Structures are given as structure tokens and as C-alpha cells.
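A quick note: this is a predicted structure, and the numbers were derived from the prediction, not measured. Numbers restart at 1 for each chain; the letters A, B, ... are given by sequence-line order, proteins then strands. Side chains are part of it too, since the values below use all heavy atoms of this structure and drop only hydrogens, waters and symmetry mates.
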There are 2 protein chains.
Amino acid sequence: MPINQLRQALHDQGLKLTRSRLAVLQVLAATSAHLKVAEVHRRARQIDGRVGLASVYRTMELLARLRLVKHVHVEHRHRHYARIREHHGHHLVCNGCGLVVEFSDCQLERLTRALARRTKFRIEGHCMEFFGQCRECRCRPASNTARGKRKS
Amino acid sequence: MPINQLRQALHDQGLKLTRSRLAVLQVLAATSAHLKVAEVHRRARQIDGRVGLASVYRTMELLARLRLVKHVHVEHRHRHYARIREHHGHHLVCNGCGLVVEFSDCQLERLTRALARRTKFRIEGHCMEFFGQCRECRCRPASNTARGKRKS
DNA sequence: TTCAAGCTGAGAAATATTCTCACTTGAGTC
DNA sequence: GACTCAAGTGAGAATATTTCTCAGCTTGAA
């Protein structure tokens, strides 16, 4: 999302495009992997040394609300986020290097309808993620540092 | 899973069926909702007052390894687990009362194959969950306490 | 330039999870 | 049933993440 479009999106909710938010966005724009909050913070500080950890938490939450970013349910102790580019995107995550590939043809409409009918639920959403090894990591199984990303 | 079958499953890995594990299993057998660890602990103590929190954490992890239980990715601060009854079960979770309905016809084989081909990943697993409101909660939208389960 | 929300950084506080360790218990064997 | 010992336990300390607080700063509109 171009900056001006984002500024507009923020503005529509009475929010501002600030220094910290810009730094976090730059970090996200520069990676294809999912990142934990502390790592986003570390990288944001390389762009703007004044960015505080609390602001990164606040910004990630804001971006999640704006659907620019989403949780990735990796089995770590800390929360990981990945950028969303496509609307209604799902994620395929590499267990080796953290690379995130997005896809949107989830084809779950039929399943959703069938489930709703069977269970009498009103279904409001779903989450779906795939895990595996990307091509690079399959060829280099011993190392976890592809693309300069270290697993936490 | 009947107790003897579980005892066997544990035994196969050199593990024991202990007091604490039994208490936790009884708690899980008695609910259809997902529970956070602290709640499992509270209930387990009602069955056996000696059960410690650390043991509940250890037991939940063990049960997850045995695929008798799985994480539910609710957006809470703490980890929630739900029982698995069917093999390869997926979960439909009520946002109101926490009720968990299992289903297994996820029909993702085709999508998995297509994704693997397109991305060159070796796909090793997926997680899929649906969220919504169960029939009871839709009819009683103000209350969150259906089935005696309080949201945390 | 001024102004007022919104936002910030720093550090404290809260809270979930893991670790440690001496003690206990389950279950196999006799 | 008694014995044995590795697996498991409870309690509380330790750790780590996330949230909160608050005085001061920034953004963006007028």
C-alpha cells in the first residue's frame, strides 16, 4: 500500500501517520518473512533510533486492525506478524527461514456453507495457514539462516 | 479415548499415567469448550486438590504431542486448548461461549497439491479454524456465559 | 503560527510460561 | 506385597512478553 493511501486510511479514522509508524512500515515492506515484535523493533531502530518498543506493539495492533498485517500462528512464545498484501490473504509459512508466501484462492466457501448448515453456527471468519519447507530450505536443511532471518 | 488405550499410548513412549494427568483428562472430557491453561488447572484442582500449575502446562503439552488436544488460536493473551476427538480434526469455535465443534472433512488436499506445485514448498501441515456464533449465543447475544463457561 | 488531539518513549507493572529441585509415585519385577 | 528407580510432581523462583502510565512531543488542520 502506497504511503498516501495509508495516510488516507489512517485519516479516515482520525489517526496520524507518525515517525514510528513509518519506520515500522518500512521494516515490513523490506521483508518477506514473518517477524516477531522484538525483531520489528530492532529493525525499526536501525531506521529511526528513537522508536520505542511500546509503539511497535501499538503499531502492529493498529496494522492488524487495518488488515495490513496478521498474526502467524507459529509455535513460538512470542507473537509473530506477517504483512498482508492481497485482501483476504492466507499464508504459507516456511518452518526453516520464516518466508511467507501469500495466496488467496482458499476455496472455502462451500465448506463454510456446509458447516454453517450442519452446525447452525453463524460463521464469521476463518483462519488457515500452511506450513512446510521452501525450496531453498529443503536444499540446505542444516541451516536456518536463509534470507538473513534467524529463527527465534 | 478410553483410559486403557491412553495408558497404552503413554506406555509406548515410556510415560506414566499419573494422578495429575488423569485429573486433566477428566476436565477435558467434561467440557465441549476450549479452555485456557489456568482454567484447566482450576478445574483439575476441584478433582484433585494437589495438582500443580506446572504439571498442567506439562500435561497439555504432552497431550498436544499425542494429538489429543490442540491449540485454538483465539485472540487472547493466554494459550487455549481444545480436545481432539476425531483424527485430523478441525475446529469451529463459538466466539460467544467458547463451544468447540469438530469436523474433519476439510477437503484441502487439492489446494495443498496446487500450492506445493506453484510455490515449490514441501507442505508439511496446515491449520484451519472457523469462528462464529453458535445457535445459542445468537439467540442470547448479551450474555457470554452459556454452558457455564466465562470468557477470559 | 497556533492548537489540540493523537501519539510517543521510557520504564514500571502485570502476567503467562518455563525452570529448578528435592520429593513422590507409577508400574514392572520378584 | 515389597522393592526399585525413572518418570513425574508441586511450589515457588525466574524469565520473558506484553501492557500500562504519564509527562512531553508531533502531526496536521485552521
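A straight line from CZ of B:R21 to P of C:dT25 spans 15 Å, rounded to a whole angstrom. Residue A:L53 contributes atom CG, which lies 10 Å from atom P of C:dA10 at whole-angstrom precision. In this entry the distance linking CG of A:L25 with P of C:dC7 reads 13 Å, nearest Å. In this structure, CG of A:D12 is placed 15 Å from P of C:dG6, rounded to the nearest angstrom. The nearest whole Å value for the distance from the NZ atom in B:K36 to the C1' atom in C:dT15 is 11 Å. Nucleotide C:dT8 holds its P atom 11 Å from the CG atom of A:L22, rounded to whole Å. Whole-Å rounding puts the A:M60 CE to C:dT8 C1' distance at 17 Å.
Between B:H71 and B:Y81, the ring centre distance stays below 6.0 Å. Ring centroid separation for the pair B:F130 and A:F121 does not come in under the 6.0 Å cut-off.
Comparing B:E61 and B:R19 by the nucleotide of DNA chain C that holds the closest heavy atom to each, the one mapping nearer the 5' end is B:E61. Residues B:R45 and B:L10 both approach DNA chain D. Their nearest nucleotides, taken by heavy-atom distance, put B:L10 toward the 5′ side. Where B:L17 and B:A54 meet DNA chain C, the nucleotide closest to each residue was compared, and B:A54 sits on the side nearer the 5' end.
Protein chain A touches strand DNA chain D; the 5'-most and 3'-most nucleotides with an atom under 4.0 angstrom of its non-hydrogen atoms are D:dT15 to D:dA29.
The closest donor-acceptor contact from the side chain of B:Q26 to the backbone of B:I47 lies at 3.5 Å or more, if one exists at all.
At a threshold of 4.5 Å between non-hydrogen side-chain atoms, the residues A:T59 and A:T18 do not count as touching. Side-chain contact between A:L66 and A:L10: present, with at least one pair of heavy atoms (C-beta onward) separated by less than 4.5 Å.
Put simply, CZ on B:R42 and CG on B:L53 are 13.5 Å apart, with the number rounded to the nearest 0.5 Å.
Look at B:R79 and you won't find any side-chain N or O under 4.0 angstrom from OP1 or OP2 of C:dA16. The shortest distance between the side-chain N/O atoms of A:H78 and the OP1/OP2 oxygens of C:dT17 is not below 4.0 Å. In this model, the phosphate group of C:dC19 is not approached by any side-chain N or O of B:R58 to a distance below 4.0 Å at OP1 or OP2. Taking only side-chain nitrogens and oxygens, A:T18 comes nearer than 4.0 Å to OP1 or OP2 of C:dT8.
When B:H41, B:R58, B:M60 are each tested for a side-chain contact (heavy atoms from CB on, under 4.5 Å) with B:V24, only one passes: B:M60.
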